[in-house]
Amino acid sequence: MLDFSILSESNKQYCTMHMLTLSTTVALLLTGAAAFAPAPHYCKQIRTVSMYKMAKDENLTEEERTEAIENALKGMTNFSNKYLANTGTKYCTDKSIPAVVIKGLAEHKVTLGAPLCPCRYYDDKEKEAKDGYWNCPCVPMRERHECHCMLFLTEDNGFAGDETNISLDEVKDLSNAGFS
Ligand code: SF4
């Protein structure tokens, strides 16, 4: 079990949210994310949505959707490993955290066409995905290495482990199993 005592109040709130959703899916993670402030107004010129092909799932069959999720899981796992290496950040000692976040990003990639951050509450997800501020890697991460999902941890973070790689199988297994 992770020791949350070393965290700031806001991070404790975040981790408490995680602990409450240990055995649930990312959908519940999203529901529990109301502790975060809504996305602010931001620079329109900073957009990442164009980096991602819009691929909404509304016209997909169940089989096609399953395949799309599988492909998105692979894509977001690869992205995450590469971005971690590029930024010198680390995964959490509890790899179920990055696993659940990566799964949430992959599901948003399929449902919204962009990897909208899965750890926030949005009034209008489609609008947020189009605006791009919270598409992963979000602006706070790109500008200040701040990842409130704890997917990319700087070395001074008390939860940062030594792991710099997560496999697709780990993402699948750990995101289904929940947090340890
Ligand atoms: Fe969410 Fe930003 Fe972290 Fe990506 S980098 S998981 S968008 S907080």
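Whatever order the structure lists ligands and atoms in, that order sets their numbers, starting from 1.
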Near Glu146 CD, under 6.0 Å, is it more than 12 heavy atoms from other residues, nucleotides or ligands? yes

I need the atoms of ligand 1 closer than 4.0 Å to a non-hydrogen atom of Met141, numbered in the order shown. 5 (S)

For Asn165, is there any backbone N or O sitting under 3.5 Å from a side-chain donor or acceptor partner on Lys95? yes

Closest non-hydrogen atom pair between Pro118 and Val101, with its separation: CG-O, 3.7 Å

Distance to 0.1 Å, residue and atom name: give those for the protein heavy atom nearest to atom 4 (Fe) of ligand 1. Cys136 SG, 2.4 Å

Does the shortest distance from atom 3 (Fe) of ligand 1 to an N/O/S atom of Cys138 fall below 2.8 Å? no

Where is the nearest protein heavy atom to atom 7 (S) of ligand 1: which residue, which atom, and how far? Cys117 CB, 3.3 Å

If you scan protein heavy atoms around atom 3 (Fe) of ligand 1, the nearest is Cys147 SG, 2.4 Å

Side-chain donor or acceptor of Asp94 paired with backbone N/O of Ser96 under 3.5 Å: yes

Does Asp162, at its CG atom, have more than 12 non-hydrogen atoms belonging to other residues, nucleotides or ligands within less than 6.0 Å? no

Hey, which atoms in ligand 1 end up nearer than 4.0 Å to a heavy atom of His148? 8 (S)

